[in-house]
Protein chains: 2
Amino acid sequence: MKKMNVQEAQLTPLTYPFLSSSILARSYLFIYEKNEYVIRTGTQLDFLFFVLAGKARIINTEANGKNVILQFIQAEDLIGDLYVVNAEKHTKDVVAIGQLHCLAIPLPIVKQHLINDPLFLTFISTYIGQKLLKRMEHFSLAQTFELKYRLAELLITVAVDGYYSENNTQIADYLGTSYRHLMHTFKKLREQNYIKKQGRGYMIDEAKLIQLITAGSKLS
Amino acid sequence: MKKMNVQEAQLTPLTYPFLSSSILARSYLFIYEKNEYVIRTGTQLDFLFFVLAGKARIINTEANGKNVILQFIQAEDLIGDLYVVNAEKHTKDVVAIGQLHCLAIPLPIVKQHLINDPLFLTFISTYIGQKLLKRMEHFSLAQTFELKYRLAELLITVAVDGYYSENNTQIADYLGTSYRHLMHTFKKLREQNYIKKQGRGYMIDEAKLIQLITAGSKLS
DNA sequence: CCTCTAATGTGAGATATCTCCTAGTTACAT
DNA sequence: ATGTAACTAGGAGATATCTCACATTAGAGG
């Protein structure tokens with residue numbers, strides 16, 4: 001992970017009125033490499049992260065040691081927002097998929113300068129509220145779609161530079177399907193040239209996958 | 001709908017520090033009867049509602065006139081929270097299932113006294129954040145369960161005094177299944193004495209349904 | 001470098017669910 | 001009171017998905 005001061009990094013100014021130059025002066029740009037941990041389960045959160053670029057996955061380690069993917073993170077998402085507003089108490093693993101760029105604001109700065117700032121509180125309420133609505137809509141639609149459409153969307157979400165290489169036992173759990181059926185569906189997508197096998201993962205044809213998803217939407 | 005001043009209603013004090021007696025003096029207790037509208041689609045929200053008792057359903061009217069159930073509301077839920085934090089701009093139908101009791105705070109009061117109050121903003125951020133986590137966990141689990149378990153849980157959620165009488169074409173959409181399969185599953189539950197047909201709806205055996213759900217959880 | 005575990009990959013039979021259809025009943029509007 | 005639309009109910013065939021099993025490969029740890 002590379003750590004830089006915000007000025008050093010010459011960030012494009014963010015359009016957040018609650019982020020004063022004083023706060024930014026004490027914040028950092030973090031750059032994580034592929035598979036690097038942003039947060040480790042059970043550790044204390046030290047920063048509130050604004051994702052500037054890249055992707056990550058959030059993983060919960062269950063009591064039996066099993067790792068379960070909870071969700072994927074994209075640019076313009078926050079990491080640690082639910083912890084900051086006390087909606088959740090325990091941190092979960094957050095792992096970079098490909099390279100991940102974050103603006104990291106130290107928690108003491110958040111607590112001292114932002115946590116009672118109505119501008120910030122309003123922003124984070126709106127953000128979490130919009131996230132809730134998006135998630136509900138996504139799940140509601142997803143539950144009527146057969147697996148190949150949901151897999152197509154996941155491949156687009158998760159691929160970096162057109163290449164997908166997640167752990168498929170975890171992906172099967174995440175999509176709520178059996179490992180067997182997931183593999184069956186990967187094979188179907190290969191046969192229909194939406195994806196190509198490459199090493200342990202797949203190159204994806206994003207444009208064709210988008211067409212498939214669109215076709216699937218029209219069925220309902 | 002019955003409308004009372006809060007004092008008139010002699011409400012048990014709510015444990016919300018941001019609700020001063022001055023605010024409560026200008027708020028109301030609303031009591032809606034079964035199938036009464038709390039909010040109508042597209043109308044301007046006039047109150048932020050704290051649900052004290054009862055149940056409701058949130059319905060979105062699609063462009064083609066079709067009504068789709070988005071979610072169900074229980075005691076201790078808020079109605080209008082996502083609108084108040086500007087996460088959503090348009091109101092949707094909210095309809096009482098059985099009798100519904102709400103503390104209703106006028107929007108002008110919310111805007112004048114609460115919307116810049118860090119106590120209130122913190123509360124509503126935490127509330128929406130917890131709601132997001134619950135919803136995500138619920139959907140994640142739900143997608144691996146076959147219909148009879150999900151239907152069992154819905155019956156418990158929705159029944160009033162042990163009686164279920166929702167519109168089943170809308171319930172099929174909500175559960176993401178076909179009308180045919182939903183009816184097939186109702187028949188199975190009847191045959192196994194989890195529910196009994198009564199008029200256009202069903203009496204439910206809540207204890208037995210909970211046993212079924214528990215058994216279903218143990219399969220995964 | 002070797003060994004062991006976890007991930008990948010596939011076959012085969014069973015089941016949950018879908019699609020298409022028809023018939024009967026109820027509630028609402030005129 | 002009547003007619004119509006929407007809801008309830010179920011049959012039958014097809015398909016998406018599950019379950020159980022086994023074989024191969026790759027990666028991690030010693």
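What you see is a predicted model, and the numbers here were worked out from it, not measured in a lab. All heavy atoms count here, side chains included; hydrogens, waters and symmetry mates do not. Chain naming here is simple, since letters A, B, ... match the order of the sequence lines and numbering starts at 1 in each.
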> What nucleic acid atoms does Glu166(A) come within less than 4.0 Å of, heavy atoms only: base, sugar-phosphate, or nothing?
Replying inline: sugar-phosphate

>> Using whole Å, what does the distance between atom P of nucleotide dC18(D) and atom CD of Gln143(B) come to?
In response: 10 Å

>> Return the CG to CG distance between Asn60(A) and Leu70(A), rounded to the nearest 0.5 Å.
In response: 5.0 Å

> Which one of Lys34(A), Glu166(A), Gln74(A) satisfies the side-chain contact (heavy atoms from CB on, under 4.5 Å) criterion with Ile97(A)?
Replying inline: Glu166(A)

>> Could you tell me how far apart Met183(B) (CE) and dT19(C) (C1') are, to the nearest whole angstrom?
In response: 16 Å

>> What's Gly176(B) touching, base or sugar-phosphate or nothing? Going by heavy atoms closer than 4.0 Å.
In response: sugar-phosphate

>> From NE2 of His181(A) over to P of dG11(C), roughly how many Å is that when rounded to an integer?
In response: 15 Å

> Picking from dT17(D), dT8(C), dA16(C), which would you name as closest to the side chain of Thr177(A)?
Replying inline: dT17(D)

> Under 4.0 angstrom, heavy atoms only, what part of the nucleic acid is Gly199(B) near: base, sugar-phosphate, or nothing?
Replying inline: nothing

>> In this structure, how many angstroms lie between the P atom of dA16(C) and the CD atom of Glu146(A), rounded?
In response: 19 Å

>> If we ignore hydrogens and angles and just use 3.5 Å, is the side chain of Thr177(B) paired with the main-chain N or O of Ala172(B) as donor and acceptor?
In response: no

> Which part of the nucleic acid, if any, lies within reach of Tyr179(B) when heavy atoms closer than 4.0 Å are counted: base, sugar-phosphate only, or nothing?
Replying inline: base

> dG10(D), dT10(C), dT8(C): which one has an atom nearest the side-chain heavy atoms of Arg200(A)?
Replying inline: dT8(C)

>> For a quick check of understanding: with a heavy-atom distance under 4.0 Å over all strands, which category does Lys148(A) fall into, base, sugar-phosphate or nothing?
In response: nothing

> Can you tell me how far P of dA16(C) sits from CG of Leu147(B), to the nearest Å?
Replying inline: 11 Å

> Mind checking whether Phe47(A) and Phe30(A) have ring centres under 6.0 Å apart?
Replying inline: yes

> Between Tyr202(B) and Phe186(B), does the ring centre distance come in under 6.0 Å?
Replying inline: yes

>> Side chain of Thr169(A), heavy atoms from C-beta onward: which of dT17(C), dT8(C), dT17(D) has the nearest atom to it?
In response: dT8(C)

>> I want to verify a distance call: between dT8(D), dC18(C), dT17(D), whose nearest atom is closest to the Ser178(B) side chain?
In response: dC18(C)

>> Let me spell it out: for each of Leu182(A) and Tyr202(B), pick the nucleotide of DNA chain D with the closest heavy atom. Which residue's pick is nearer the 5' end?
In response: Tyr202(B)

>> Between Lys188(B) and dA16(C), is there a contact of a side-chain N or O with OP1 or OP2 at under 4.0 Å?
In response: no

> Can you tell if the side chain of Glu88(B) reaches within under 4.5 Å of the side chain of Leu133(A), non-hydrogen atoms only?
Replying inline: yes

> Rounded to the Å, how far apart are Lys187(A) NZ and dT17(D) C1'?
Replying inline: 16 Å

> Are OP1 or OP2 of dT8(D) and a side-chain N or O of Lys197(B) less than 4.0 angstrom apart?
Replying inline: no

>> Counting only side-chain heavy atoms from C-beta out, which of dT8(D), dA7(C), dC7(D) sits nearest to Asn167(B)?
In response: dC7(D)

>> Tell me the interatomic distance from Phe145(A), atom CZ, to dT17(C), atom C1', rounded to whole angstroms.
In response: 16 Å

> Can you check the Arg190(A) CZ to dT8(C) C1' distance for me, whole Å?
Replying inline: 11 Å

>> Any side-chain N or O of Asn168(B) below 4.0 angstrom from OP1/OP2 of dT8(D)?
In response: yes

>> Suppose we call a contact any N or O donor and acceptor under 3.5 Å apart; does that hold for the side chain of Arg180(A) and the base of dG11(C)?
In response: yes

